[in-house]
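One structure is given here, and the rest of the page talks about it.
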Amino acid sequence: MNTSLSDDWLECLADELAAGGLVIRDDFLPPALIDLLAGECRLRQAQGLLAPAAIGRGGAQAVRQAVRGDAIQWLEPGQSACTDAYLSAMDRLRLALNRSLFLGLEDYESHFAFYPAGAFYQRHLDRFRDDDRRTLSAVLYLNRDWLAEDGGALRGYPGGQVLDVVPLAGRLVLFRSAELLHEVLPARRERLSLTGWFRRRGRGVF
Ligand code: OGA
Ligand code: MN
């Protein structure tokens, strides 16, 4: 298990991010916690707590399943022990990133994402046009025994290249929200993740 945020790793992360790439870290959290998070995501889905994800922001928000077909629920502190453990881990990562990369990340927003079989998310950037706070995107996958033929890869386009990342349980992927074009290829079975954004203070927001 490698949950320590070593200086070596943070340095390598800084280089990769500066180059506009994706940073992949396997076994970011213990398998037992990943399984609890997967169970929690399935339970919330079964309870009807996840809603079809919208694209855009504010008044321009709309559900477009031809663009993205996942269902999501935003996390709040205190919802469950396992999501609180995840939020704490992401906050430790936020502080480590601020210490070593001087990113000035102020907070972290995140949601469960549930892609039913057949769902996908077309190519996009994560930063909104009218809100520049999202700085680093972080996706943690919760899928035990995922095979490449199950589809559902995260496809990134770093520097015009194509890079496919298999959504394996415990794998964390980080990239710059304003820079990296990416998409989720159609999944052939249920695909679970926790997706979030480290945010900076917005321009003109005090
Ligand atoms: C997103 C997204 C990637 C993934 O939710 O914005 O691009 O691999 N997710 O789930
Ligand atoms: Mn995205």
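Hydrogens, waters and symmetry mates are skipped; everything else that's a heavy atom, side chains included, is used.
A pairwise comparison of heavy atoms in G152 and P167 identifies O-CG, 3.5 Å as the closest pair. Heavy-atom minimum distance, A71 versus L50: O-CD2, 3.6 Å.
With side-chain heavy atoms closer than 4.5 Å counting as contact, directly or through intermediates, the hydrophobic cluster containing W146 also holds V166, L168. Annotation for V165: hydrophobic cluster partners, listed by chain and number, are L22, I24, V139, Y141, L154, L163, V173, F175, L180 (ILVMFWY side-chain heavy atoms under 4.5 Å, direct or chained).
With hydrogens and angles left out, the side-chain atoms of S137 and S177 include a donor and acceptor closer than 3.5 Å.
Counting non-hydrogen atoms of neighbouring residues, nucleotides and ligands closer than 6.0 angstrom, the CD atom of E106 exceeds 12 such neighbours. The environment of Q47 atom CD is dense: over 12 non-hydrogen atoms of other residues, nucleotides or ligands sit within 6.0 angstrom. Open room surrounds CZ on R144; 12 or fewer heavy atoms of other groups in view lie less than 6.0 Å from it.
Not a single side-chain hydrogen bond (donor to acceptor under 3.5 Å, both in side chains) links R127 to another residue, sequence neighbours left out. For S100, there are no side-chain hydrogen bond (donor to acceptor under 3.5 Å, both in side chains) partners two or more places apart in sequence or in a different chain. Checked against side-chain hydrogen bond (donor to acceptor under 3.5 Å, both in side chains), H182 has the following partners two or more places apart in sequence or in another chain: H124, D126. For R176, there are no side-chain hydrogen bond (donor to acceptor under 3.5 Å, both in side chains) partners at least two apart in sequence or on another chain.
Exactly one of T83, L75, I72, T195 qualifies for a side-chain contact (heavy atoms from CB on, under 4.5 Å) with S110. That residue is L75.
Ring pair Y108/F198 is tilted by interplanar angle, where 30° to 60° counts as tilted.
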